[in-house]
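Below, chains carry the letters A, B, ... as their sequence lines are ordered, and counting in each starts from 1. Just so you know, these numbers use all the heavy atoms, side chains as well, and skip hydrogens, waters and symmetry mates.
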Amino acid sequence: MTRIFVPRDAAAIAVGADAVAAALAEALPGATIIRNGSRGLAWLEPMVEVETDRGRIAYGPVSVADVAGLVAAGLLCGQAHPLCHGLTEEIPFLKRQTRLTFARCGITDPLSLADYCAHGGYRGLERAIGLGPDDTIEELVKSGLRGRGGAGFPTGVKWRTVQQAVGPRKYVVCNADEGDSGTFADRMIMEGDPFVVIEGMTIAGVATGATKGYLYIRSEYPHAIATMNAAITLARGAGYLGADVAGRGAAFDIEVRVGAGAYVCGEETALLESIEGRRGMVRAKPPLPAHKGLFGCPTVINNVISLASVPAILGKGAEFYRNFGLGRSRGTMPVQLAGNIRQGGLFEAAFGMTLGALVEEIGGGTATGRPVRAVQVGGPLGAYFPPALFDTPFDYEAFAARDGLIGHGGIVVFDDTVDMANQARFAMEFCAIESCGKCTPCRIGSTRGVEVIDRIRRGEGREKNLALIDELCTTMKLGSLCALGGFTPYPVLSAIRHFREDFGVAEQETT
Amino acid sequence: MPKLTINGTEVEVPPGYTILQACNQAGIEVPHFCFHQRLAIAGNCRMCLVEQEKAPKPVASCAMPVADGMVVHTNSPLAQKARKGVMEFLLINHPLDCPICDQGGECDLQDEAMAYGKDRGRYQEAKRAVRAKDFGPLVKATMTRCIHCTRCIRFAADVAGVPDLGGTGRGENMEVGTYVEKALTSELSGNMIDLCPVGALTSKPYAFEARAWELRKTESIDVVDAVGTNIRLDARGQAVLRILPRVNEDVNEEWLSDKGRFVVDGLLKRRLDRPYIRRNGKLVEASWPEALTIAAERLGKASADRIAAIAGDLCDVESMLALKEVMTSLGSTNLDCRQDGAKTPAAVRSSYIFNSAIAGIDKADVVLLIGTNPRQEAPVINARLRKRYLKGGFKAGQIGPFFDSTFPVTALGEGPAVLQALVEGNHAWLDVLKSAQNPMIIMGSGAVARADGLAILDLACRLADAVGAVREDWNGFNVLQRAASRVGGLDIGFVPGPGGRDLDGILDGASKGEVEVVYLLGADEFDVSRLGNAFVIYQGHHGDAGAGRADIVLPGAAYTEKNGTYVNTEGRVQLGRLAVYPPGEAKEDWRVLRALSEHLGRALPYDSLPQLRQHMLSLFPLFAQVDDVVATAWQDFGVQGPVSGADFAYPIDTYYMTDPISRASPTMAECAVSLAPNPLSKTGTHG
Amino acid sequence: MSGDNGGNPVEQPASFEFTPENIARARALIAKYPEGRQASAVLPLLYLAQEQHENWVPRAAMDYIGAMLDMAPIRVYEVATFYTMFNLRPVGPYFLQVCTTTPCWLRGSDAVLDACRSKLGIDIDERTADGRFTIVEVECLGACVNAPVLRVNDDNYEDLDGPRTLALLDALARGEKPPRGPTIERQNAAPVGGPTTLTTLRFDGGGDAA
């Protein structure tokens, strides 16, 4: 029976994948419809693939109305059609990627454990159990994996701290509160390859001695929540979770926890507070979560992508992984392209590609066809880079050196119609809305920052107020408790620095 | 011990210290708002930022533990810049209404703004304002002034154990409050006023009364319970306007009960400010010579066994001693300072004090409460118990009716039968007590104020021995007194001498006509209708039950109006001090008694307070150890006998009204009405 | 919709309790957390209450949940007012969530919001007089590709502009349920005008990208 793949990813479902799958099932009763994850070519969704002798052939974007024509044209045999893109693997957007973390995403049936194992799943856990905790962690340290949530802290070092910490219990917490606008890697992997997240958490548990994991997913991701819950049930049923993981004596289980609308809960200590049933208020550190985290116990807390990268690292070896990338940024990073961009989607590649290549070559420039004026990298707290900085390689240190951050790998593109003063205002306003309200600089600075930028935009005392916003940002940077208040100045100051002309226009108009 | 360098000086501090603590130890001041040494660390105000070498940005010194080799600069340009930025932010929203704010002059924000603030604002937009909130009769909330330090929230949740307060909303919209409007229900709520670093929480009764710099400050001792809380009396002219706690780590740390704090307006109401004589059934004003002459006549002409004296709960030791000596000089031994009818044996000191001392609570791991509700009888001690509970590894059991405890207690039963079962080894909790490292028994004053009090004492004494509560290095047998005068009264033996009558004997005698004259020294807490036809001399400061029944009223001084010695429940001798003079013709109490003795022709052998104290010391050397707990030997006490089946009863009905001063206080009256415990909370379905 | 700090009082039901079915669900949720940590279940329980109670959480429900989890009522209020997804006042059966975060905003979410405002005569966080519509402003809904997006209850309406938003609201007002997804002549998430992108990819160095 020919296998046809129709994604179950939210991005595909949002554009009609469910209806397409139903139509295909009706038109081709002999075929097996597999609801896979997304390949990350968002503009081609729903992207239907057919398994042929030559490999998987892609068609997209497919609507219900196209189904009859596709079937008539010989969809089952991978025949030509205006929507046909040939071999999926040969689509340039995919071909140019290095898919380690997302290796299976879009290829397998997300909820088939057999499929998962057939594509290399659970080899990482197998090897980790064989190596034992010390060597597993050593392997991770060697791989050079750094936290993909944004802070870039070496994952292996974090795990070692938890392993060595003493506590009545230990926990693994997976941070899937992916709140950065323009990012969706966590969601994609949870919907497209949930077992890799489970395996990564399980390895973390086995390596550090934690017996329980909590997966904190933002409530805006109902499909990811459903998929993860289903996958956890399957893994538990197959003995990959529970009292005796994979029959190797270790206990580890996972519960899904749903957020309730608070960007700041992506901050690790606020997330822990939220799991404990409190307001998502950031905790003062130290103590680090690795020493005193969830319920006061030593806790590994990692981003989804960090954990999802672990099985590949252990499966293929630290050396293999660290051969990708450059400098202190090793391995691959799933870059997410969004905003005013032609080919939005997920692009996993080794560190080191330039920002310009990602935006212009991979993303194909703006959707409007107008020139790119600014790119915000790293979510709403990331700096705005002008095309003049497009030679910046995608690398933690290279971005930091230019007062930017790669964060969770989100890139939002703006064309030349953007008003950067308004963008600066937006950054402050976002911080004001999402501030937990605990520390003075973030709570007060963000609200007042909006007002000061408004004054600048109205043309009131431009130089004086630009100096004031600079000082306000300094106080937020120096004084804030967490990255929300500490990083909001980045988009604001980068907008002022690189697009200063946008902050003077209003004055000329009004005076 | 880690060594670090602060401002170029090497400092060695205990491990686990924060940078802020290390700075304090080194005598370096770091400004802060949210940090408070008795509260959990929050790290939210960001005023205590200091520069730490090799840290990417300034660190909050209150939350950062020291590490060996750390190099810290508290006043570097970077630290200054960060703090000035934070201060500017705080002042954007703060209303700067200092001229009409009661915190003015003693405001942390004001003080720090002098150092870190600018003389004008650079932000012209409207200030943040929040809706008015009502926290009840004691605490006035002006939350527009709030800087969100959350000290009050942490105090309510952790110290008071009454989680009324919280932060609701988020970010700029966050508000500190109760969300659903309600009065704060803690007996310690006034401490939030002290903790609030700005004028958001101020004293409601004291609103707009005075400025801090106008007040004369006198260090004294609180008498509304037997804790002996160290207080400061702030007075202007001839009125004490407010009462604040002083720090005494061994006694009250830095807390003060709401009654001790807010009773202050009762000092100006219903005062006995001149002598009175009852004529034709009505008290009419009299002169001192008239009143003293009649009092002396009545006392002198009755035979010694037909006169008696009762001392009340607020008396200083000096006046009790003077009264005892007046009575003794007349040959009477009908004396009692136990106006609640307690059977406490004055001869065995360890039977009536809190032997472990209050600070001993910190070491206890199992506590058994017998017939006491510490939350009402001694809120400050209750806070210490809760603090111990929060530290972990602590169990509490309780014998007596249900009460709304601020720490978990296991209810073991309501009457003495449980105590008996424990002593006889028939109770599961015996093992809990026995297995404790430092077991503690806290017996309420109410548990001995009953006919079988001595038998109960006997049981408690035996239980203490049986569970190892008394050892060379630990005495965990504690009596929680609730009358400030009680331990002192017992110490000087203000109890019946051989053949003398105790409280019951006196009252029985009075109602039967066997006791002709009763001298009440501030005694109001018993059923005065049992005084029968006796001639009653009332010496005291408030027109309460005793004065209402009196035939002669001799106006004395309230605790704020005299220098006097008090011994707290631990047996700690402390000195109360005069802050203002007694009103009108009222006099310090020992002077009244000295004058009376003159009229009796049996002049007391002292005519100044130093002489009286010298005399007291010669009789009772323990009074020399001021501020200390006097070591007390353990001896058996109590009398083996049957106990009744009646449940224990707590001595306090209404926390806010327990003595003549609090009953005169309008504020306490308001509290008694609005903060009356919810009857539903006493159904026994809790816990 | 949260942040209701006691102002504009809402008519609150006197009592609340879970249905037997939800009590069972609540117990299962509580069991996910360690002994003595049942307060962890406060968020899921608030969701349950909201689901059971016409999409908003009355105060009685917060008190009920507090009692169920042995939490002081104020601790539940703190949580419910912190997270934006809990509605603390009644909302309409048409619960309109307009995303205004960067990608949506730069593609015209202001026009969507303005259309909602003008059509319904209410502002953000308000409910129409007939009680049917409530507008809230939300952060990223994760549908950046087809921005701007308006979520009506659980359905996303995408690629909106002012006029199409008005048309959508008209349809909703008539009781219709227009198909979810893009509201323009675009095929799903393909670029407007057809899937031309693959032919214009510049991967071989021939492009003029910087």
Side-chain angles (χ1 to χ4, degrees), chain A residues 10-11 14-16 42-46 60-61 63 83 85 91-93 96 169 179-182 184 187 219-221 255 258-263 274-280 295 338-340 342-344 356-357 359-361 364-365 367 376 380 387 390-391 412 414 418 426 430 433-434, chain C residues 2 32-34 36-44 46-47 69 71 75 78-79 81-86 99 101-107 137-147 154 156 158 180-182 187-192 194-195 197-198 200-203 205 207-210:
Chain A
V15 292
W43 75 100
L44 291 182
E45 295 292 1
S63 70
L83 293 179
H85 305 292
I91 295 175
F93 187 89
R96 210 171 154 177
R169 282 186 305 270
D180 286 355
S181 45
F184 40 83
R187 181 184 58 67
S219 49
E220 291 86 343
Y221 285 177
E255 300 284 359
V258 180
Y263 178 75
S274 182
I275 296 183
E276 292 187 21
R278 287 191 286 270
R279 299 155 61 75
F295 305 128
N340 192 343
R342 222 172 203 171
Q343 284 135 215
V359 173
E360 300 284 4
E361 298 176 26
Q376 188 178 28
F390 273 12
D391 60 337
V412 177
F414 300 77
V418 67
F426 177 81
F430 181 83
I433 293 170
E434 294 299 344
Chain C
S2 62
K32 286 186 173 188
Y33 301 95
R37 298 290 187 171
Q38 66 274 25
S40 285
V42 67
L43 263 73
L46 285 166
Y47 270 127
L69 299 178
M71 291 169 81
R75 297 281 97 90
E78 284 188 317
V79 168
T81 58
F82 185 88
Y83 297 97
T84 54
M85 293 213 164
F86 299 119
C99 173
T101 318
T102 322
C104 278
W105 176 59
L106 85 96
R107 290 194 168 196
E137 187 182 20
V138 296
E139 302 303 329
C140 187
L141 288 168
C144 316
V145 177
N146 286 42
D154 293 331
N156 281 358
E158 300 159 346
R180 64 188 182 186
Q187 192 173 27
N188 304 326
V192 180
T197 43
L198 283 176
T200 62
L201 276 177
R202 292 160 296 182
F203 276 172
D208 55 359

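- Rounding to the nearest 0.5 angstrom, the gap separating the CD atom in A/Glu220 from the SG atom in C/Cys99 is 9.5 Å.
- Residues satisfying the side-chain contact (heavy atoms from CB on, under 4.5 Å) criterion with C/Arg75, sequence neighbours excluded, are B/Ile153, B/Ala157, B/Pro163, C/Met71, C/Ala72, C/Glu78.
- Closest of all the heavy-atom pairs between C/Cys140 and A/Gly182 is SG-N, 4.3 Å.
- In terms of non-hydrogen atom pairs under 4.5 Å with chain A, the most contact-rich of C/Val42, C/Thr101, C/Leu46 is C/Thr101.
- Side chains of C/Leu43 and A/Ser274 form a contact here, defined as non-hydrogen atoms less than 4.5 Å apart.
- C/Thr84 places a side-chain N or O within 3.5 Å of a backbone atom of A/Gly261 that can act as its donor or acceptor partner.
- Highest contact tally toward chain C, considering only A/Ile275, A/Val258, A/Val359, A/Val418, is held by A/Ile275 [criterion: heavy-atom pairs under 4.5 Å].
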Point to revise | Candidate pair C/Thr81 and A/Arg279, rule side-chain contact (heavy atoms from CB on, under 4.5 Å), full reasoning | key: CA-CA 9 Å; C/Thr81 58; A/Arg279 299 155 61 75; 3.7 Å; yes
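- If you measure heavy-atom distances from A/Glu255 to chain C, the contacts under 4.5 Å come from the side chain alone.
- C/Tyr47 and A/Ser219 are linked by a side-chain donor-acceptor pair at a separation below 3.5 angstrom, with hydrogens and angles left out of the test.
- Put simply, the side chain of A/Phe414 reaches to within 4.5 Å of the side chain of C/Thr102, judged on heavy atoms.
- Ring geometry, C/Tyr33 versus A/Phe295: the interplanar angle exceeds 60°, so the pair is classed perpendicular (tilted spans 30 to 60°).
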